[in-house]
Amino acid sequence: MRDPIDIPNWYRLDDHLTTSGQPSGEQLAAIAALGVRDVINLALHDHPRALPDEAATVAALGMRYIHIPVVFDAPTTADFERFCAAMADHGTRPVHVHCIVNARVSAFLYRYRCEVLGWDEAQARPALDAIWRPGGVWARFIGDTARAELPHQMTATPPQT
């Protein structure tokens, strides 16, 4: 089965970890067909592009759903700690992590790779930069003080509304 690259901002990090913007129900089925067993959603359920009752859709496909709602303008250390726990809990099972455009996810995974897995910035940064260059609160969230006063710059193409 080939990767469902039609999902907004689809990104495969390795054999067990994929990320994206918001997938549709059909796209979640394609993700399940890849062997993914856990889906972590960092977006809010009330976002206009959120999938209605995503938890039920994911469960019906035989996957486990973990929802960590991260307010875009206010990511917290508690959010990151919940994310780290979810990542530790899935072990080596294939996992797909998404939000609305893959911005939250790429920032969380950058920080996770640096702080938890011990990667250096040069190793972790390309996956983040493929999606965006965070500024403001997100730059502070990932420890990028040089960009803390700058605006975000999207590098991936955001989905059309």
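Note that these values count all heavy atoms, side chains included, but never hydrogens, waters or copies made by symmetry. What you see is a predicted model, and the numbers here were worked out from it, not measured in a lab.
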Residues in salt bridge (charged side-chain N to carboxylate O under 4.0 Å, His left out) with D89, at least two apart?
R64

Test: R111 and D144 ion pair at under 4.0 Å
no

[X] [atom1] to [Y] [atom2] distance, which is reported to the nearest 0.5 Å:
X    : Y    : atom1 : atom2 : result
L17  : H90  : CG    : NE2   : 6.5 Å
T92  : D15  : OG1   : CG    : 11.5 Å
L51  : L28  : CG    : CG    : 6.0 Å
D79  : C84  : CG    : SG    : 11.0 Å
Q123 : D120 : CD    : CG    : 4.5 Å
R133 : S106 : CZ    : OG    : 11.5 Å

Is [Y] close to [X] at the side-chain level, that is, under 4.5 Å between some pair of heavy atoms?
X    : Y    : result
H45  : H67  : yes
I40  : V95  : yes
P134 : L128 : yes
L34  : D3   : yes
M63  : D38  : no
Q22  : P8   : no
E54  : V39  : yes
P4   : I31  : yes

Can you say whether the rings of F108 and F80 are parallel (under 30°), tilted (30 to 60°) or perpendicular (over 60°)?
tilted

Under 30°, 30 to 60°, or over 60°: which ring-plane class applies to W138 and F141, parallel, tilted or perpendicular?
perpendicular

Donor-acceptor contact present, side-chain [X] to main-chain [Y], <3.5 Å:
X    : Y    : result
R147 : P151 : yes
S20  : I7   : no
W132 : Q153 : no

Considering all heavy atoms, the nearest [X]-[Y] contact:
X    : Y    : value
G25  : L61  : O-CD1, 4.4 Å
A43  : N41  : N-OD1, 2.7 Å
A148 : R140 : O-NH1, 3.1 Å
C114 : A124 : SG-CB, 3.7 Å

Can you see whether [X] engages [Y] through a side-chain donor-acceptor pair at a distance of less than 3.5 angstrom?
X    : Y   : value
S24  : Q27 : yes
T18  : H96 : yes
N102 : Y11 : no

Given F83, which of L109, V70, V105 fulfils the side-chain contact (heavy atoms from CB on, under 4.5 Å) condition?
L109

Hey, would you say the F72 and H152 ring centroids sit under 6.0 Å apart?
yes

Taking a hydrophobic cluster as the set of Ile, Leu, Val, Met, Phe, Trp and Tyr residues connected by side-chain heavy atoms closer than 4.5 Å, whether directly or through intermediates, do [X] and [Y] fall within one such cluster?
X    : Y    : value
L44  : I68  : no
W119 : M87  : yes
I142 : M154 : yes
I131 : L13  : yes

